[in-house]
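Residue numbers count from 1 along this sequence. Atom set for the values below is all heavy atoms of this structure, side chains included, hydrogens, waters and symmetry mates excluded.
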Amino acid sequence: MQNAAGTLAERTLVDWLRTWKGPGDPHGVATVNCSLFHADRLHQFDAVIWTPTSCVIIEAEALAEQAGGELEVPLNGPWRVGNQIVTLEGGDRRPPLDKSRDHTYALQNWLAERGLGQRVVSGVVLVVPPNGSDLRVRQLWSDPSFEVVLGDDPRRLADYLHTLASQGRAQWTPTDIAMTFRGLGLLPYLPAPQDLEHEGFGGPVDITLWYGGPQQAQAEAYMEEKTQAEQAYAGPLAITMPWYSPWKLYPKEAERVDFGRGFLRIALAIGMLIAFAWVLWFVISLVLTYGPG
């Protein structure tokens, strides 16, 4: 978790995030009070949580008064408990769901522009009631991308994140997280690759994305450890390819099959074999022609 929180609802959220350290708790990274400038508009995020399979923007709201009963949350318009409109702290008359939708779509589009459009962004409104309240949330719509979670128990938000994890969506890699943090101006808060792997983020790691940040040395150490581990796994008889090897000049790509590079590797290898055979034949001919006897 990165950055400090300000409002009561945000402090409640931060306290929850700091307690999630057990094996059964959600894993990931989070930032509080960050912003995104997109499409000529500044979007202020109360919190963003990344897990290995999800990205969730949280709009943290606190009820101004104690209430009891069923909190009705329409897709548009004010929230009510019975016939009474509920008041949220801060005095913002704009419904939290409207802000959540705007922020979610903005981040989703921003990610798509950077090649991460397959990463689904979800929006959550966390409603923190005053002590002594007895509320139940009733959503008057059905949209899996948006959810209202009652903030009287940290397990409610944890269960929501576990539900997202069970849906098997595209995985966030350490490189994806680093690209996003850099783009949002959060490089000082970008965790080291080792920490991201510990939180369950797997996949490729481009350590250059950590350059210029406080975790650059950790990223370089991570890459050095990976290189040493790969060399140890390969064993002492591993042969290092020369620079002119077809597999060095036209290396395989992990993400896709490149038939053009494959043809060039095969053509170059065949050409080298023919050249070697010709040189060998030439040397043998010289020995037979001008050799002794």
Side-chain angles (χ1 to χ4, degrees), residues 5-20 26 30-36 38-39 41-49 51 54-109 120-167:
T7 68
L8 171 62
E10 290 169 357
R11 290 195 300 271
T12 300
L13 174 60
V14 169
D15 290 341
W16 293 357
L17 295 175
R18 285 173 173 164
T19 63
W20 288 348
T31 182
V32 178
N33 284 334
C34 63
S35 60
L36 167 67
H38 182 262
R41 184 176 176 185
L42 182 64
H43 297 268
Q44 295 282 354
F45 303 143
D46 289 342
V48 184
I49 298 176
T51 73
S54 63
C55 175
V56 181
I57 298 177
I58 296 182
E59 192 75 26
E61 301 286 353
L63 297 183
E65 300 175 354
Q66 191 178 93
E70 193 171 64
L71 176 62
E72 294 184 351
V73 182
L75 187 59
N76 298 289
W79 297 2
R80 299 176 184 271
V81 175
N83 296 323
Q84 184 177 2
I85 297 177
V86 299
T87 304
L88 303 175
E89 287 187 354
D92 190 349
R93 295 185 177 182
R94 191 180 181 203
L97 274 177
D98 289 354
K99 294 186 288 184
S100 180
R101 278 196 297 268
D102 289 348
H103 296 167
T104 300
Y105 292 148
L107 184 57
Q108 182 76 72
N109 293 333
V120 178
V121 180
S122 303
V124 167
V125 178
L126 180 68
V127 184
V128 180
N131 291 332
S133 297
D134 183 16
L135 285 175
R136 301 175 303 280
V137 174
R138 180 189 174 199
Q139 295 185 176
L140 303 181
W141 84 95
S142 178
D143 187 340
S145 299
F146 300 97
E147 189 83 12
V148 176
V149 176
L150 194 60
D152 59 348
D153 186 344
R155 297 312 310 173
R156 296 183 189 274
L157 182 58
D159 290 342
Y160 171 78
L161 294 175
H162 283 311
T163 300
L164 289 182
S166 67
Q167 294 176 359

> Where do V73 and V125 land on the side-chain contact (heavy atoms from CB on, under 4.5 Å) test, with the steps shown first?
Replying inline: CA-CA 11 Å; V73 182; V125 178; over 6 Å; no
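- For the pair E61/K99, a side-chain contact is recorded, criterion being any heavy-atom separation below 4.5 Å from C-beta on.
- Crowding of Q84 atom CD: a count of heavy atoms from other residues, nucleotides or ligands under 6.0 Å not exceeding 12.
- Of the possible polar contacts, one joining the Q139 side chain to the V148 backbone as a donor-acceptor pair under 3.5 Å is found.
- Between V81 and G68 the shortest heavy-atom distance is CG1-O, 3.2 Å.
- At a threshold of 4.5 Å between non-hydrogen side-chain atoms, the residues Y160 and L126 do not count as touching.
- Between D152 and R156, at least one side-chain N (NZ, or NE/NH1/NH2) sits under 4.0 Å from a carboxylate O, which counts as a salt bridge.
- Distance check, rounded to the nearest 0.5 Å: CZ of R101 to CZ of F146 gives 6.5 Å.
- Looking only at side-chain heavy atoms (C-beta outward), T104 and F45 stay at 4.5 Å or farther from each other.
- Here the straight-line distance linking atom CD of Q44 with atom CG of N33 works out to 7.5 Å at 0.5 Å rounding.
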> Could you go step by step and tell me if C55 and I49 meet the side-chain contact (heavy atoms from CB on, under 4.5 Å) rule?
Replying inline: CA-CA 6 Å; C55 175; I49 298 176; over 6 Å; no
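- Between P74 and L97 the shortest heavy-atom distance is O-CD1, 3.3 Å.
- When every heavy atom of L161 is checked against every heavy atom of W20, the shortest pair comes out as CD1-CZ3, 3.7 Å.
- With rounding to the nearest 0.5 angstrom, the CG atom of L135 is 6.0 Å from the CG atom of L63.
- S54 and T51 share a side-chain donor-acceptor pair at under 3.5 Å.
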> What do the steps show when you test V124 against S100 for side-chain contact (heavy atoms from CB on, under 4.5 Å), and what is the final call?
Replying inline: CA-CA 7 Å; V124 167; S100 180; over 6 Å; no
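- To the nearest 0.5 Å, atom NE2 of residue H43 and atom CG of residue L36 are 6.0 Å apart.
- Counting only heavy atoms from C-beta outward, the side chains of V14 and V32 approach each other to under 4.5 Å.
- If you take OG on S133 and CD on E65, they are separated by 10.0 Å, rounding to the nearest 0.5 Å.
- Side-chain contact between Y105 and V121: absent, with no pair of heavy atoms (C-beta onward) separated by less than 4.5 Å.
- Judged by distance alone, the side chain of Q66 and the main-chain N or O of N131 form a donor-acceptor pair under 3.5 Å.
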> Going through the distances and angles, do V127 and L71 end up as a side-chain contact (heavy atoms from CB on, under 4.5 Å)?
Replying inline: CA-CA 10 Å; V127 184; L71 176 62; 4.3 Å; yes
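- With contacts defined as side-chain heavy-atom distances shorter than 4.5 Å, the pair H38/N109 qualifies.
- Here the side chains of D98 and N76 are in contact, with some heavy-atom distance below 4.5 Å.
- Atom OG of residue S142 and atom CG of residue L75 lie 10.5 Å apart, to the nearest 0.5 angstrom.
- Counting only heavy atoms from C-beta outward, the side chains of V120 and L164 never approach each other to under 4.5 Å.
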